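These notes concern the structure reproduced below.
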Amino acid sequence: MKLIKIIPGPLLVFLGAFCLSFGGLIVKSFESANLWQILFWRQTFFAIIVALYLLLSYKKNIFKSFYNSGLSGFIGGFILSIGFSAYIFSMYNTTVANANFIITTETIFLAVFGYFFLKEKINLITFISIIIGMSGVLLILGSSLSIQSNEQFIGNIVAFLAPISLAIFVIIIRKSPNVDMVPAQFIAGVFSAIFAYFIASNLSISPHDLFLASLSGFFQIGFGFILITIGSQTTPSAVVGVLMLTEAVFGPLWAWLFINETPPTSVLIGGGIIIFSILLQSFYSTKNHF
């Protein structure tokens, strides 16, 4: 753990976002597992890797870490579990590009929620960024109505639960800045796995799919979230926002290279608009920060 913490924060955030970018490719590569089977095994492996991290970090005080996270950690974990479930649902039902670009709107939702719940002012640049970003979202959703199936459109709508839940989770962290929220990630993994358990009729999957689920749980979101959590502690939030775009850029690229999933031009344009809006807000925030 000490070795990880000497690595520069921005590099950790980048590596974490890079890990997350493989999510869509992995979900699309399952050979026979259904949505709920994927969610159960993925989140089970995620909970295991987070538990190991907590054990190495806290040793005998691991249970105390959950106690210290308190009600905010419990609620944050439950909210985050909704995002984990929505992520798998959207990746399973729509394209990687659509899901990734919609998930980047977390920065927009964070600004809006920060205004209502933390009384953080929205300046002119942020307001313009929100308008631009939502126009990109509308373009993506519009293309879903005209080009894609009803199933894909529903996948796009559900995808919004991922950035909304993550934004709420960040708001909870900001309200309790001295509380370690990694235990909340374990709670999120357990909640979403239990949710999938009660819906899935059968949890038996092939060795191939079990390997992919372990890869997704351990590497993609396990290391991804842990690296981002540690890196964010020493990285300005505006810089984190820019680095997190790594997932949106590389996710569709992996899908195009390895499973030949080519998104419509309108989706790429909409995604580009969303990324531009986030860059505009982030660079303005960075300039003010320094």
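We count residues from 1, following the sequence as given. Since this is a predicted model, take the numbers as computed values, not measurements.
With a 4.5 Å cut-off on side-chain heavy atoms, I108 and V137 do not count as touching. The side-chain heavy atoms of V112 and F109, taken from C-beta on, include no pair separated by under 4.5 Å. With contacts defined as side-chain heavy-atom distances shorter than 4.5 Å, the pair V179/N68 does not qualify. A heavy-atom distance below 4.5 Å is not found between the side chains of F45 and L215.
With S216 contributing its side chain and A213 its backbone, the two residues share no donor-acceptor pair below 3.5 Å. Of the possible polar contacts, one joining the S165 side chain to the A162 backbone as a donor-acceptor pair under 3.5 Å is found. A donor-acceptor pair under 3.5 Å links the side-chain atoms of Q220 to the main chain of L20, judged by distance alone. At distances below 3.5 Å, at least one donor-acceptor pair connects side-chain atoms of T95 with backbone N or O atoms of N98. A donor-acceptor pair is defined here as one N or O able to donate and one able to accept, closer than 3.5 Å; such a pair exists between the side chain of S57 and the backbone of Y53. The main-chain N or O of G189 is found under 3.5 Å from a side-chain atom of S192 such that the two form a donor-acceptor pair. Although no hydrogens or angles enter the test, the distance criterion places a donor-acceptor pair under 3.5 Å between the side chain of N34 and the main chain of Q37. The closest donor-acceptor contact from the side chain of S29 to the backbone of L25 lies under 3.5 Å. Side-chain atoms of D209 come within 3.5 Å of backbone atoms of E31 as a donor-acceptor pair (strictly under, hydrogens ignored).
Both Y115 and I172 are assigned to one and the same hydrophobic cluster, defined by single-linkage of ILVMFWY side chains at heavy-atom distances under 4.5 Å. Y67 and V182 fall into different hydrophobic clusters, where Ile, Leu, Val, Met, Phe, Trp and Tyr side chains are chained together by heavy-atom contacts under 4.5 Å.
Applying the side chain to side chain contact (heavy atoms under 4.5 Å, CB included) criterion to I62, with sequence neighbours excluded, gives L54, L55, Y58, S65, F66. Residues forming a side-chain hydrogen bond (donor to acceptor under 3.5 Å, both in side chains) with Q185 (at least two apart in sequence, or on another chain): T229.
Between W36 and F89, the two ring planes are tilted [angle within 30° to 60°]. Using bins of under 30°, 30° to 60° and over 60° for the plane-to-plane angle, the ring pair F225/F84 lands in the perpendicular bin. Ring geometry for W254 against F258 counts as tilted: the plane angle lies between 30° and 60°, on a 0 to 90° scale.
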Does F74 form a ring-ring contact (aromatic ring centres under 6.0 Å, His included) with F191? I'd like the steps, not just the answer. CA-CA 10 Å; F74 183 83; F191 264 126; 5.5 Å; yes
